[in-house]
Amino acid sequence: MCLHTDCKCLWFYRKLQEAFSKGLLKPGMNVLVDEPKKCVNNVEGMKQCLADFRRDLPWMERLDMTNLPAEDVLSKVEGKVPNATNGDINVDDDFQREMFFYRQAQATVIEALPLLKKNSIATKRPDDYFAEMAKSDQHMQKIRQKLISKQMMMEKSEKAKKLREQRKFGKKVQVEVIQKRQKEKKAMMNAVKKYQKGMTDKLDFLEGDKKAGKDSSQGPKKVSNKKGPNAKRKYKDQKFGFGGKKSGKKWNTKESFNDVSSFRAKVAHAKGGKGGKKGKGGKQNKRPGKSVRKKMKSRS
């Protein structure tokens with residue numbers, strides 16, 4: 001590439017920029033013309049290149065190898081005839097072509113290693129070999145930080161995904177528990193109604209929670225370890241009773257009907273109370289009406 005030609009192109013490009021900024025360029029002013037290609041037949045230069053190729057230099061200076069591909073051991077084991085020449089390779093078969101290149105490189109390595117050892121050229125890196133990296137430590141540190149941040153972002157997204165799944169599962173379990181409680185409540189109410197109507201005389205629905213607590217192995221251990229009710233429960237039982245049927249408790253029996261020891265005539269006939277009549281001919285104290293009470297308040 002000629003530096004002088006590049007300078008001319010740069011100068012021409014700057015002139016075009018100046019003309020475009022001034023508005024001097026208009027459509028139709030510039031026409032592209034195909035210049036005829038100049039063919040240069042440099043005979044002397046070609047001869048010089050050919051002479052350089054024909055130099056009789058030692059192999060250590062050239063390091064060139066020309067050989068056929070190595071023996072295809074896999075095809076030999078499978079009983080197939082390996083393709084040894086380039087003419088037998090199908091150029092349209094990518095796999096066959098790449099395998100040919102691989103085997104040719106393999107044969108080159110097998111033949112070149114003994115020559116390199118013969119000329120005392122090391123083919124392995126020594127243990128104390130030190131070479132400067134292509135990229136600086138600062139650049140590699142930036143790459144490392146970027147990879148760490150990317151990994152942390154992936155972990156955060158995974159945690160968020162797991163939390164969303166746990167929330168969905170928790171809501172599902174909560175809905176199932178509520179539905180189960182509603183179902184049990186409905187079944188218990190139906191059993192109570194049947195008992196009230198006299199359709200059944202079984203009270204199994206009252207022992208449902210106890211049976212469930214005994215059957216379930218995951219039930220609370222504190223309830224099973226208690227020997228009896230606490231003081232609060234005993235006081236309430238003593239005050240309000242132990243539940244059960246309460247209707248008909250105050251019905252008279254034969255003994256209560258014949259027992260008249262608690263009978264008081266004055267109380268029964270309203271003769272000796274604080275309120276009511278004061279006896280024969282006594283006046284009864286009546287409370288004034290609402291309108292009269294309002295008038296009395298307004299006067300005061």
Side-chain angles (χ1 to χ4, degrees), residues 1-10 13 34-162:
M1 181 167 43
C2 179
L3 187 61
H4 184 64
T5 307
D6 291 343
C7 292
K8 282 185 178 179
C9 292
L10 185 61
Y13 180 69
D34 296 334
E35 294 183 359
K37 188 176 181 180
K38 297 179 181 180
C39 299
V40 179
N41 186 14
N42 191 355
V43 179
E44 295 296 331
M46 296 295 289
K47 288 181 178 180
Q48 183 66 29
C49 290
L50 185 61
D52 292 340
F53 287 145
R54 287 179 177 176
R55 283 182 183 178
D56 191 10
L57 296 174
W59 181 81
M60 289 301 302
E61 299 294 335
R62 294 180 286 108
L63 295 177
D64 57 341
M65 300 286 297
T66 305
N67 49 9
L68 294 173
E71 185 180 4
D72 193 353
V73 182
L74 184 61
S75 299
K76 189 175 180 181
V77 171
E78 293 178 355
K80 298 178 182 180
V81 179
N83 297 323
T85 58
N86 194 9
D88 298 334
I89 299 297
N90 184 11
V91 294
D92 296 329
D93 190 350
D94 295 338
F95 180 75
Q96 192 177 9
R97 187 175 65 252
E98 292 297 330
M99 282 301 297
F100 182 83
F101 292 155
Y102 170 75
R103 285 166 46 219
Q104 191 173 16
Q106 187 179 9
T108 304
V109 171
I110 293 171
E111 189 175 347
L113 280 176
L115 292 174
L116 292 171
K117 288 182 180 179
K118 184 179 179 181
N119 291 279
S120 302
I121 297 177
T123 56
K124 292 183 179 180
R125 183 186 301 176
D127 297 334
D128 57 347
Y129 179 78
F130 176 78
E132 188 176 357
M133 302 295 289
K135 295 182 180 180
S136 62
D137 294 340
Q138 187 177 2
H139 184 73
M140 294 303 295
Q141 191 69 19
K142 288 181 180 179
I143 294 173
R144 184 186 176 189
Q145 291 177 359
K146 189 174 182 180
L147 291 173
I148 291 172
S149 62
K150 189 175 181 181
Q151 186 177 1
M152 290 177 67
M153 288 176 65
M154 290 177 67
E155 289 178 356
K156 286 182 180 179
S157 63
E158 288 292 331
K159 287 182 180 179
K161 188 177 179 181
K162 288 181 180 179

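For Leu68 against Ala107, the heavy-atom pair with the smallest separation is O-CB, 3.3 Å. The two residues Pro114 and Ile110 make their nearest non-hydrogen contact at CD-O, 3.1 Å.
Here Asp93 contributes atom CG and Glu98 contributes atom CD; the two are 10.5 Å apart, rounded to the nearest 0.5 Å. Within the model, atoms OG of Ser149 and CE of Met154 stand 11.5 Å from one another, a figure rounded to the nearest 0.5 Å. Within the model, atoms OG1 of Thr108 and CG of Asp64 stand 10.5 Å from one another, a figure rounded to the nearest 0.5 Å. Considering CD of Gln48 and CD of Glu44, their distance stands at 9.0 Å, rounded to 0.5 Å. The CG atom of Leu116 sits 7.0 Å away from atom CG of Leu63, with the distance rounded to the nearest 0.5 Å. For the atom pair Glu71 CD and Gln106 CD, the distance stands at 10.0 Å (nearest 0.5 Å).
Annotation: side chain of Met65 is in contact with side chain of Trp59 (closest heavy-atom distance under 4.5 Å). Side-chain contact between Lys146 and Ile143 is absent, with no heavy-atom pair separated by less than 4.5 Å.
Shown here is Asp137, whose CG atom has no more than 12 heavy atoms of other residues, nucleotides or ligands within 6.0 Å. The local environment of CE in Met153 is sparse, with at most 12 non-hydrogen atoms from other residues, nucleotides or ligands closer than 6.0 Å. Counting non-hydrogen atoms of other residues, nucleotides and ligands closer than 6.0 Å to CZ of Arg62 gives a total above 12.
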